[in-house]
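Values below: every heavy atom of this structure, side chains too, minus hydrogens, waters and symmetry copies.
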Amino acid sequence: MSRKPVSTSETDGTMPISVLAEKLGISPRTIRYYEEIGLLDTVRRTSGGKRIYTDDDFRRLRFIMKLKLLGLTLADMQELEDIYKIHRKNSKVFPRLIEQLDTHKKEVDRRIQELDTLRKEIDEFQERMRDKIRKET
């Protein structure tokens, strides 16, 4: 009985970019871009030059995606990365992250208030239109 050869990635816990991208639901190009701009440490490569990723890379990219979901920009994340590169401690990064999130939260609150005002204006406009329809019929 012949055995299927086991790929390096199956034995050493690494994965190619296509597998990582699929796990995260993002494109391989996005992963390469994050590497290019310094949000993802330079990844290991096979002897053939193909990128290989680890579970740490997976966790890092998942964290980046979470920060994007929370509204941080890539520039915000690069600032955090710069702080980490200097101090190598999350305790130095997290206070700035909290500040960034506070700023973003204030912006979200402002936008919610604007949207609430817009909703009220729409309601008032609709009511005026309904009144005009009633008066015409």
Side-chain angles (χ1 to χ4, degrees):
M1 179 176 192
S2 67
R3 290 181 55 191
K4 177 183 160 191
V6 177
S7 75
T8 304
S9 62
E10 291 174 4
T11 58
D12 70 2
T14 62
M15 65 194 100
I17 195 168
S18 59
V19 171
L20 180 62
E22 186 176 330
K23 281 176 121 176
L24 293 166
I26 59 177
S27 71
R29 177 67 192 117
T30 298
I31 295 170
R32 287 190 296 271
Y33 180 68
Y34 290 158
E35 183 182 352
E36 288 170 19
I37 65 172
L39 289 180
L40 185 62
D41 290 333
T42 303
V43 297
R44 294 180 10 207
R45 292 183 181 262
T46 64
S47 57
K50 292 189 178 202
R51 292 173 167 89
I52 52 174
Y53 297 86
T54 65
D55 286 337
D56 286 341
D57 296 321
F58 173 79
R59 283 189 291 277
R60 173 75 173 185
L61 286 164
R62 199 172 53 190
F63 184 65
I64 289 168
M65 292 171 63
K66 179 67 172 182
L67 293 179
K68 278 187 71 176
L69 182 67
L70 294 175
L72 268 66
T73 65
L74 294 178
D76 292 334
M77 290 181 232
Q78 285 174 313
E79 178 186 347
L80 296 172
E81 181 62 23
D82 291 343
I83 294 168
Y84 186 79
K85 284 179 181 174
I86 293 168
H87 301 285
R88 294 285 180 203
K89 290 183 179 182
N90 286 334
S91 63
K92 298 291 185 181
V93 175
F94 288 171
R96 179 60 185 137
L97 174 57
I98 291 168
E99 288 174 10
Q100 289 174 331
L101 290 172
D102 280 342
T103 299
H104 186 64
K105 192 167 44 171
K106 287 175 186 170
E107 177 62 20
V108 167
D109 288 342
R110 185 191 63 75
R111 287 174 44 205
I112 289 171
Q113 193 170 24
E114 285 178 354
L115 289 171
D116 189 48
T117 300
L118 177 60
R119 182 181 189 83
K120 288 174 185 171
E121 289 174 7
I122 290 171
D123 288 342
E124 290 169 4
F125 187 77
Q126 285 179 315
E127 191 54 37
R128 286 196 308 270
M129 296 301 106
R130 287 184 187 105
D131 283 346
K132 287 184 185 233
I133 291 171
R134 281 189 290 267
K135 287 177 183 176
E136 288 183 4
T137 58

With sequence neighbours left out, the residues meeting side chain to side chain contact (heavy atoms under 4.5 Å, CB included) with Thr103 are none
Quiz prompt | Any side-chain heavy-atom pair of Asp76 and Leu67 under 4.5 Å | solution = no
* Could you walk me through whether Tyr53 and Thr14 pass the side chain to side chain contact (heavy atoms under 4.5 Å, CB included) test, one step at a time? => CA-CA 5 Å; Tyr53 297 86; Thr14 62; over 6 Å; no
Mind running side chain to side chain contact (heavy atoms under 4.5 Å, CB included) on Ile26 and Leu20 for me, showing each step along the way? CA-CA 9 Å; Ile26 59 177; Leu20 180 62; over 6 Å; no
Counting N and O atoms only, with roles assigned by atom type, does the side chain of Gln78 sit under 3.5 Å from a partner on the main chain of Gly38, one being a donor and the other an acceptor?
no
*Does a side-chain heavy-atom distance below 4.5 Å link Arg45 with Lys50?*
no
| Is any side-chain heavy atom of Leu118 less than 4.5 Å from a side-chain heavy atom of Glu114? | no
- Item | Over 12 non-hydrogen atoms of neighbours within 6.0 angstrom of CZ in Arg111 | no
More than 12 heavy atoms of other residues, nucleotides or ligands under 6.0 Å from CD of Gln113: yes or no? no
Within-4.5 Å side-chain heavy-atom neighbours: Val19 and Glu22: no
By side chain to side chain donor-acceptor pair (under 3.5 Å), Glu124 pairs with (sequence neighbours left out) none
Would you call Arg60-Glu35 a salt bridge at under 4.0 Å N-O? no
Salt-bridge test for Arg110 and Glu107: reply yes if a basic N is under 4.0 Å from a carboxylate O, no otherwise. yes
I'd like to check Ile86 versus Lys92 (side-chain heavy atoms, cut-off strictly below 4.5 Å). Are they in contact?
no
- Query: For Leu101 and Leu72, what are the C-alpha separation, side-chain angles and deciding distance, and is it a side chain to side chain contact (heavy atoms under 4.5 Å, CB included)?
  - Reply: CA-CA 7 Å; Leu101 290 172; Leu72 268 66; 3.3 Å; yes
query: More than 12 foreign heavy atoms under 6.0 Å from CG of Asp41: is that the case here?
result: no
Between Asp109 and Lys105, does the salt bridge (charged side-chain N to carboxylate O under 4.0 Å, His left out) criterion hold? Intermediate values first, please. CA-CA 6 Å; Asp109 288 342; Lys105 192 167 44 171; over 6 Å; no
Salt bridge (charged side-chain N to carboxylate O under 4.0 Å, His left out) between Arg59 and Asp56: does it pass, once the steps are laid out? CA-CA 5 Å; Arg59 283 189 291 277; Asp56 286 341; 2.3 Å; yes
So, do Leu24 and Arg62 sit near enough that their side-chain heavy atoms are less than 4.5 Å apart?
yes
Note to self: With heavy-atom distances below 4.5 Å as the criterion, would you say the side chains of Arg32 and Leu40 are in contact?
What the structure shows: no
Check: Do Lys89's NZ or CZ and the ring of Tyr84 fall within the cation-pi criteria of under 6.0 Å and 45°?
Finding: no
| Just wondering, more than 12 heavy atoms not from Arg29 lying within 6.0 Å of its CZ? | yes
field: Salt bridge Arg128-Asp131, side-chain N to carboxylate O under 4.0 Å
entry: no
*His87 and Val93: side chain to side chain contact (heavy atoms under 4.5 Å, CB included), yes or no, with the steps?*
CA-CA 8 Å; His87 301 285; Val93 175; over 6 Å; no
- Task: Compare all side-chain heavy atoms of Lys135 with those of Lys132 and state whether any distance is below 4.5 angstrom.
- Result: no
